[in-house]
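In what follows, residues are counted from 1 in the order of the sequence shown. On a predicted model such as this, the values are computed, not experimentally measured, just so you know.
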Amino acid sequence: MTSAEWARFTRRYRELLGGARAVVLSGSLPPGVPADAYGVLVALARAAGVPALLDADGEALLAALPEGPDVVKPNIHELAAVTGVEDPAVGAAALAAAGARAVVVSLGPDGLLAHTPGGVWRARPPAPVAGNPTGAGTRRSPLSPSG
């Protein structure tokens, strides 16, 4: 992405924020997008009064934290990589101290940990989860097309 394309994108994003109730910023940044892109987008959302959820990792996540995303959602491996700690409660607290308003860490089959201004919670499924815990996968629902 060129700097002109990024400028057009952020201009359009600003326009769309006027009708948004929340934004979700997720995934890897495309080639050519500035490393602080998620930080810029979070700051624009906050200025517009729109909550921003961020699901990113590495430098993109770290660069956005000072802008105060409302929720960041790393998985346990991403959290360990950006904080350098294995304990998810300690890692989540570090992201909150760096600017995230709330941190929800997915722990795979062990559930999740949420660090919020109101406290820290851990949720575990009542029984081991078979298959993909996100609900994605190859199992067909009754509404899946056949074929």
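Leu62 is not connected to Val71 by any chain of hydrophobic side-chain contacts under 4.5 Å among Ile, Leu, Val, Met, Phe, Trp and Tyr, and they are in different clusters. Tracing side-chain contacts under 4.5 Å through hydrophobic residues (I, L, V, M, F, W, Y), one reaches Ile76 starting from Val120; they form part of the same cluster.
Looking at every heavy atom in both residues, Arg122 comes nearest to Leu107 through NE-CD1, 3.2 Å. Across every non-hydrogen atom of Val72 and Ala100, the tightest pair is CG2-CB, 3.7 Å. Contact between Pro66 and Ala63 at its shortest, heavy atoms only, is CD-O, 3.5 Å. Scanning all heavy atoms of the two residues, the minimum distance from Tyr38 to Ser26 falls at OH-O, 2.8 Å. Looking at every heavy atom in both residues, Ala52 comes nearest to Val42 through CB-CG2, 4.2 Å. The minimum heavy-atom distance between Asp70 and Pro51, with the atom names listed, is OD2-CA, 3.1 Å.
Side-chain contact between Leu65 and Leu95 is present, with at least one heavy-atom pair separated by less than 4.5 Å. The shortest side-chain heavy-atom distance between Leu61 and Leu54 falls under the 4.5 Å cut-off. Residues Thr83 and Pro74 form no side-chain contact, since every pair of their non-hydrogen atoms from C-beta on lies 4.5 Å or further apart. Side-chain contact between Pro31 and Met1: absent, with no pair of heavy atoms (C-beta onward) separated by less than 4.5 Å. Side-chain contact between Phe9 and Val33: absent, with no pair of heavy atoms (C-beta onward) separated by less than 4.5 Å. Counting heavy atoms from C-beta outward, Leu79 and Pro88 have side chains that approach closer than 4.5 Å. Proximity of Val104 to Leu113: side-chain heavy atoms (C-beta onward) are nowhere separated by under 4.5 Å. By the 4.5 Å heavy-atom criterion applied to side chains, Leu41 and Val23 are not counted as neighbours.
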Check your understanding: Does the pair Leu112 and Val105 meet the rule for a side chain to side chain contact (heavy atoms under 4.5 Å, CB included), with working shown?
Key -> CA-CA 5 Å; Leu112 61 84; Val105 183; over 6 Å; no
Check your understanding: Given the rule in the side chain to side chain contact (heavy atoms under 4.5 Å, CB included) test, do Leu53 and Leu25 qualify, once you have shown the distances and angles that lead to the verdict?
Key -> CA-CA 6 Å; Leu53 245 79; Leu25 306 167; over 6 Å; no
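Between the Asn75 side chain and the Glu78 main chain, a donor and an acceptor come within less than 3.5 Å of each other. In terms of modelled atom types and a separation under 3.5 Å, the side chain of Thr116 and the main chain of Gly118 share a donor-acceptor contact.
The CG atom of Leu17 lies 10.5 Å from the CZ atom of Arg12; values are rounded to the nearest 0.5 Å.
Around CD of Glu15, the count of heavy atoms belonging to other residues, nucleotides or ligands within 6.0 Å exceeds 12. Residue-environment remark: CD (Glu5) exceeds the threshold of 12 foreign heavy atoms within 6.0 Å.
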